[in-house]
Number of protein chains: 2
Amino acid sequence: MQTVIKKFKKNLQEENLKSTPQRLAILEEMMKTDEHLECEEILLKLKEKGNKVSRATLYRTMDILVKYKFVRKLEIGDGRVRYDSNLVHGKRNHDHMICLDSGDIIEFYNDKIEKLQNEIAEKNGYKIIRRVHQLFVKKV
Amino acid sequence: MQTVIKKFKKNLQEENLKSTPQRLAILEEMMKTDEHLECEEILLKLKEKGNKVSRATLYRTMDILVKYKFVRKLEIGDGRVRYDSNLVHGKRNHDHMICLDSGDIIEFYNDKIEKLQNEIAEKNGYKIIRRVHQLFVKKV
DNA sequence: TTAATTTTGATAATCATTATGAAAAAAATA
DNA sequence: TATTTTTTTCATAATGATTATCAAAATTAA
Ligand SMILES: [Mn+2]
Ligand SMILES: [Mn+2]
Ligand SMILES: [Zn+2]
Ligand SMILES: [Zn+2]
């Protein structure tokens with residue numbers, strides 16, 4: 001059941017990294033949210049729950065979580081990086097619509113687009129490692 | 001024939017902005033390149049041709065060029081903004097594949113993806129204002 | 001324990017971009 | 001043309017998110 005935490009601990013071992021309270025607190029925080037949080041927000045949430053973590057540790061740990069695909073880095077054009085958890089039920093492999101008026105983030109997934117992307121890459125002799133697909137929109 | 005420059009001058013007038021030598025030099029530089037240049041590169045090109053322009057003026061002018069769609073702002077994940085000229089023959093409305101090994105930027109356009117995007121936005125009650133669609137790839 | 005290694009966290013550094021403000025240029029007015 | 005007003009430019013300072021540094025704390029190994 002705590003399969004995510006187990007996996008994280010295994011990943012840390014693989015890199016000869018220790019499983020510290022701070023690293024685990026950050027992972028667990030990211031398991032609890034389906035929002036697209038920026039670093040400052042994550043720090044605040046941790047602090048509120050009594051898990052004070054330094055900025056440096058947070059940034060370092062987010063890199064690990066990205067590397068092992070627990071979270072995804074997201075840049076929606078406001079100059080700050082956000083993180084999108086892959087750890088919430090059924091939340092994976094989606095793209096984003098960002099409302100330029102409200103700032104709302106709407107998630108979407110389209111299988112046909114996915115396939116077309118793969119075809120395009122393949123046709124050029126490439127394989128896709130990472131995709132960024134964002135629609136900046138306004139209400140009709 | 002110098003229809004682009006004329007249009008730029010008209011756009012400036014519309015905003016009560018003057019058509020200065022610096023602004024024109026920047027526009028003309030962007031008419032000459034099909035590369036995806038960052039600010040520092042644009043400054044250097046201008047300097048080499050004897051059109052020395054200050055950083056502040058460059059940044060301000062690029063915002064104007066973006067606003068009037070002479071160029072497009074591009075962020076390919078290296079922390080610096082790049083500009084993609086819309087002023088070179090037939091160069092418009094395309095997306096990018098970025099090779100994570102070589103840094104090469106390959107442009108692509110797919111009509112089906114375009115249509116699917118519009119459908120997705122429409123279905124959610126939005127219209128698309130701007131798109132970011134980038135495939136980060138590696139050679140097969 | 002003791003010693004060696006890793007991690008943390010306070011703080012400083014970085015660096016692309018933005019703000020500032022005095023001087024230069026351009027436009028408007030006389 | 002000379003004078004005044006407005007705009008622009010440019011050198012430089014400030015900003016702010018992120019990254020680097022390094023001494024102290026925690027962890028692990030011996
Ligand atoms: Mn990083
Ligand atoms: Mn700007
Ligand atoms: Zn998301
Ligand atoms: Zn391009």
Side-chain angles (χ1 to χ4, degrees), chain A residues 8-29 36-68 71-84 103, chain B residues 8-29 36-68 71-84 103:
Chain A
F8 183 52
K9 287 184 176 170
K10 214 177 81 190
N11 291 148
L12 289 174
Q13 275 189 327
E14 285 166 17
E15 303 239 347
N16 295 317
L17 297 173
K18 312 264 151 27
S19 89
T20 65
Q22 290 88 341
R23 284 171 178 165
L24 287 173
I26 294 168
L27 174 74
E28 286 174 35
E29 193 56 51
H36 303 85
L37 300 174
E38 52 194 66
C39 285
E40 221 53 35
E41 292 172 325
I42 300 170
L43 281 176
L44 191 65
K45 289 205 180 224
L46 286 164
K47 199 165 162 191
E48 278 168 359
K49 286 167 188 158
N51 292 314
K52 202 156 161 288
V53 170
S54 76
R55 226 167 296 276
T57 299
L58 193 268
Y59 276 101
R60 282 183 300 234
T61 303
M62 294 317 290
D63 281 348
I64 301 172
L65 294 184
V66 167
K67 175 163 186 186
Y68 287 104
V71 304
R72 194 157 39 126
K73 219 172 185 170
L74 207 64
E75 296 177 63
I76 60 168
D78 58 1
R80 271 152 296 158
V81 163
R82 288 170 183 277
Y83 292 95
D84 197 350
Chain B
F8 184 52
K9 286 183 176 171
K10 214 177 82 189
N11 291 147
L12 289 173
Q13 275 189 326
E14 284 166 16
E15 304 238 348
N16 296 316
L17 296 173
K18 308 270 149 32
S19 89
T20 65
Q22 290 89 341
R23 284 172 179 163
L24 287 173
I26 294 168
L27 175 73
E28 286 173 35
E29 194 56 52
H36 303 86
L37 300 174
E38 53 193 65
C39 285
E40 221 53 37
E41 292 172 324
I42 300 170
L43 281 176
L44 192 64
K45 290 207 178 219
L46 286 164
K47 198 168 164 187
E48 278 168 358
K49 287 168 187 158
N51 292 314
K52 201 154 160 291
V53 170
S54 77
R55 225 167 299 276
T57 298
L58 195 266
Y59 276 101
R60 279 185 303 236
T61 303
M62 295 316 291
D63 281 347
I64 301 172
L65 295 184
V66 167
K67 175 162 186 187
Y68 287 103
V71 305
R72 196 156 41 127
K73 220 172 182 168
L74 206 65
E75 295 177 63
I76 60 169
D78 58 0
R80 270 150 298 159
V81 164
R82 288 170 183 278
Y83 290 94
D84 196 349

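In the text below, chain A, chain B and the rest are named by the order of the sequence lines, each starting its count at 1. These values consider heavy atoms only, across backbone and side chains, with no hydrogens, waters or symmetry-generated copies.
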Rounded to the Å, how far apart are [X] [atom1] and [N] [atom2]?
{"X": "B:D78", "N": "C:dT14", "atom1": "CG", "atom2": "P", "answer": "20 Å"}
{"X": "B:L12", "N": "C:dA26", "atom1": "CG", "atom2": "P", "answer": "14 Å"}
{"X": "A:R82", "N": "D:dT18", "atom1": "CZ", "atom2": "C1'", "answer": "16 Å"}
{"X": "A:R80", "N": "D:dT15", "atom1": "CZ", "atom2": "P", "answer": "17 Å"}
{"X": "B:E40", "N": "C:dC15", "atom1": "CD", "atom2": "P", "answer": "12 Å"}
{"X": "A:Q13", "N": "C:dT6", "atom1": "CD", "atom2": "C1'", "answer": "15 Å"}
{"X": "A:L24", "N": "D:dA26", "atom1": "CG", "atom2": "P", "answer": "17 Å"}
{"X": "B:D63", "N": "C:dT18", "atom1": "CG", "atom2": "P", "answer": "7 Å"}

Self-check item: By salt bridge (charged side-chain N to carboxylate O under 4.0 Å, His left out) - contacts of B:K47 (at least two apart)
Solution: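 Here no residue qualifies.
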Practice problem: Mind checking the CG-OG1 spacing from B:L27 to B:T61? Nearest 0.5 Å is all I need. | Solution: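 If I round to the nearest 0.5 Å, the distance is 10.0 Å.
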With sequence neighbours left out, write down each residue that passes side-chain hydrogen bond (donor to acceptor under 3.5 Å, both in side chains) with [X], or none if nothing qualifies.
{"X": "B:K67", "result": "B:E15"}
{"X": "A:K45", "result": "A:E35"}
{"X": "B:S54", "result": "B:T57"}
{"X": "B:N16", "result": "none"}

Quiz item: Does D:dT19 have OP1 or OP2 sitting under 4.0 Å from an N or O in the side chain of A:Y59?
Solution: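 For D:dT19, OP1/OP2 do not have a side-chain N/O of A:Y59 under 4.0 Å.
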Practice problem: Could you point out which residue of B:H36, B:E75, B:E38 forms a side-chain hydrogen bond (donor to acceptor under 3.5 Å, both in side chains) with B:R82? | Solution: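 Checked B:H36, B:E75, B:E38 against B:R82; only one passes side-chain hydrogen bond (donor to acceptor under 3.5 Å, both in side chains): B:E38.
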Quiz item: What pairs with A:K18 under side chain to side chain contact (heavy atoms under 4.5 Å, CB included), at least two apart in sequence or on another chain?
Solution: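 Expected list: A:T20, A:R23.
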Exercise. Measure the angle between the two terminal helix axes of the helix from C:dT1-D:dA30 to C:dA30-D:dT1, five base pairs each, and quote it to 10°.
Key: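 One end's axis against the other's: 10°.
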Quiz item: What residue pairs, at least two apart or across chains, pass salt bridge (charged side-chain N to carboxylate O under 4.0 Å, His left out) with a residue in residues 48-62 of chain B?
Solution: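 Pairs touching residues 48-62 of chain B that pass the test: B:E29-B:K49, B:E40-B:R55.
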Between protein and nucleic acid, restricted to nucleotides 7-12 of chain C and to nitrogen or oxygen atoms under 3.5 Å apart, what atom pairs and distances do you find?
from: C:dT7; atom 1: OP1; to: A:K18; atom 2: N; distance (Å): 2.8
from: C:dT7; atom 1: OP1; to: A:R23; atom 2: NH1; distance (Å): 3.0
from: C:dT8; atom 1: OP1; to: A:T20; atom 2: OG1; distance (Å): 2.4
from: C:dT8; atom 1: O3'; to: A:Q22; atom 2: NE2; distance (Å): 3.1
from: C:dG9; atom 1: OP1; to: A:Q22; atom 2: NE2; distance (Å): 3.3
from: C:dG9; atom 1: OP2; to: A:S54; atom 2: N; distance (Å): 3.1
from: C:dG9; atom 1: OP2; to: A:S54; atom 2: OG; distance (Å): 3.4
from: C:dG9; atom 1: OP2; to: A:T57; atom 2: OG1; distance (Å): 3.2
from: C:dG9; atom 1: N7; to: A:R60; atom 2: NH2; distance (Å): 3.0
from: C:dG9; atom 1: O6; to: A:R60; atom 2: NH1; distance (Å): 3.3

